[in-house]
Number of protein chains: 2
Amino acid sequence: MDPSFPRPLVMVDTALFTILDERLCLLLTQRKEPPFERKLALPGGFVHVDEDADTEAAARRVVCGKIGFDAPYLEQLFTFSGATRDPRGWSVSVAYYALIPASLLDRSQTAEAFPVEALPALPFDHDRIVAKAIERLRGKATYSSLPAFLLPATFTMNELHRIYEQTIGVRLDKASFRHKILEQGIIDPVPSQFRIGAHRPAQLYRLANRVLTAFERKI
Amino acid sequence: MDPSFPRPLVMVDTALFTILDERLCLLLTQRKEPPFERKLALPGGFVHVDEDADTEAAARRVVCGKIGFDAPYLEQLFTFSGATRDPRGWSVSVAYYALIPASLLDRSQTAEAFPVEALPALPFDHDRIVAKAIERLRGKATYSSLPAFLLPATFTMNELHRIYEQTIGVRLDKASFRHKILEQGIIDPVPSQFRIGAHRPAQLYRLANRVLTAFERKI
DNA sequence: TGAATAGTGTCTTTAAGACACTATTCA
DNA sequence: TGAATAGTGTCTTAAAGACACTATTCA
């Protein structure tokens, strides 16, 4: 019944994005075990076949261990594999990425956040994982509600506008952005809720849908 | 050095698309081993750690075994995993999908092609894999040169037009399609080459780039 | 000539971009 | 009042869609 092929190692790695000081950041963790002990790396670990229902459950377990709560948005990124990517042997890493609103993080966690343009050297093939995660994030940001998952439950139009600009990396016209987003119907105004400050109060919005929504498009 | 966690089974499965009689089809294979012996399934198999450099190499090995040559376009799709998807134990299947021009297939292979709307019942979680592969194919078709990989090296504008309509599943205006495709620059005319028949000769084109090219877009 | 496919022109509708304008709050 | 953020209007440009028109070949 049980096939006699030698089995690879199977692990998950996670790229956890957040926005701090208007900059896209990644949460890294200090490794406790060899190899690369005490080096900063993506949070990850082996799949526990007696505990994890599937690799997504393993990834959620790893994320919870890092930030203490389940990620609002988590998605499978890509599977990295091969004989040489891990010195312990032929391995498969199912990589996930998650978006974490900075407002949910506590101080010790934000201390381990690094802007994506200023990351330390990473072990294994974690550079490739990070590059792929940023590429996916940027790509999906241009046609979906993805960046909104970096914000708290309610947010203003300008906060949303800025988060799109920061994740995509380009300037977007204020009026056009507002028009496009409202037209797509991915957010709803929260009735009679406004953000106040030393200026005109701003309408608060929330995501219309708890899951990722892609914009309409044809060829 | 070697971690003592129980290791999952690791395999690859492939969804091989082609177009036959203007219909999107999948190549299935008859299983030779238990479980589900002699049932039609996606071509797949265990990773051979002493032979495959990574899971993509394993997938290419499987595809070559099925069609006899390397797939012109092959891409990692998604990784399916869990304790229950395979009766042999906790398993990880790294799924790939590939596009195969029908002109490269021989008769015995086309005999095992099934239109995606008329597939037989599939074992394991192959239904999910197929659904995800079709979703990916349809999605990418709307903003990239992907469908062109279902065609032979040279093709007419109308053949390209039809292949886009068949993969996306919607009617596209002839003039708009032509304009859009030429504007994106994903194909080049082959100088003084024309498809002839009982009608006006048609200019032949080829892909400008051997790799997938995405269309420009902003938010 | 008529059927079949190839290829173009034009008009309308819709969306995107630029940018200026008005609105509301607090110091 | 002025600084700061919120929100809207308008004009221009570009793209998408509809659809009719011309072109070339063979039976």
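Every chain is numbered from 1 and lettered A, B, ... according to where its sequence line falls, protein lines coming before strand lines. All values derive from a computational prediction rather than experimental measurement.
- A salt bridge is defined here as a Lys NZ or Arg NE, NH1 or NH2 lying under 4.0 Å from an Asp or Glu carboxylate O, and A:R162 with A:E22 meets this definition.
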**Message:** Walk me through whether A:F155 and A:Y205 qualify under ring-ring contact (aromatic ring centres under 6.0 Å, His included).
**Reply:** CA-CA 5 Å; A:F155 46 82; A:Y205 293 88; 7.1 Å; no
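- When both pairing distances are held under 3.5 Å, C:dA16 makes a Watson-Crick or G-U pair with D:dT12.
- The CG atom of B:L160 sits 12 Å away from the P atom of C:dG7 (whole-angstrom rounding).
- Both A:H179 and A:R200 lie near DNA chain C, and the one whose nearest nucleotide falls closer to the 5' end is A:H179.
- Contacts of A:A175 with the nucleic acid, taken as non-hydrogen atoms under 4.0 Å apart, include base atoms.
- Following rounding to the nearest Å, A:K174 (NZ) and C:dC19 (P) show an atom-to-atom distance of 14 Å.
- The distance between atom NE2 of A:H199 and atom C1' of C:dT22, rounded to the nearest whole Å, is 18 Å.
- Checking each of A:K132, A:R128, A:R85 against A:D13 for a salt bridge (Lys or Arg N to Asp or Glu O under 4.0 Å) leaves exactly one that passes, namely A:R85.
- Using a 4.0 Å cut-off, some side-chain N or O of B:K180 falls inside it from OP1 or OP2 of D:dA16.
- Counting to the nearest Å, the C1' atom of D:dT10 and the CZ atom of A:R178 are 17 Å from each other.
- Salt-bridge check for B:R60 with B:D70: passed, with a basic side-chain N closer than 4.0 Å to an acidic carboxylate O.
- Each of B:R195 and B:S176 was assigned the nucleotide of DNA chain C with the nearest heavy atom; the assignment lying further toward the 5' end belongs to B:R195.
- With a cut-off of 3.5 Å on both Watson-Crick or G-U wobble distances, the partner of D:dA3 is given as C:dT25.
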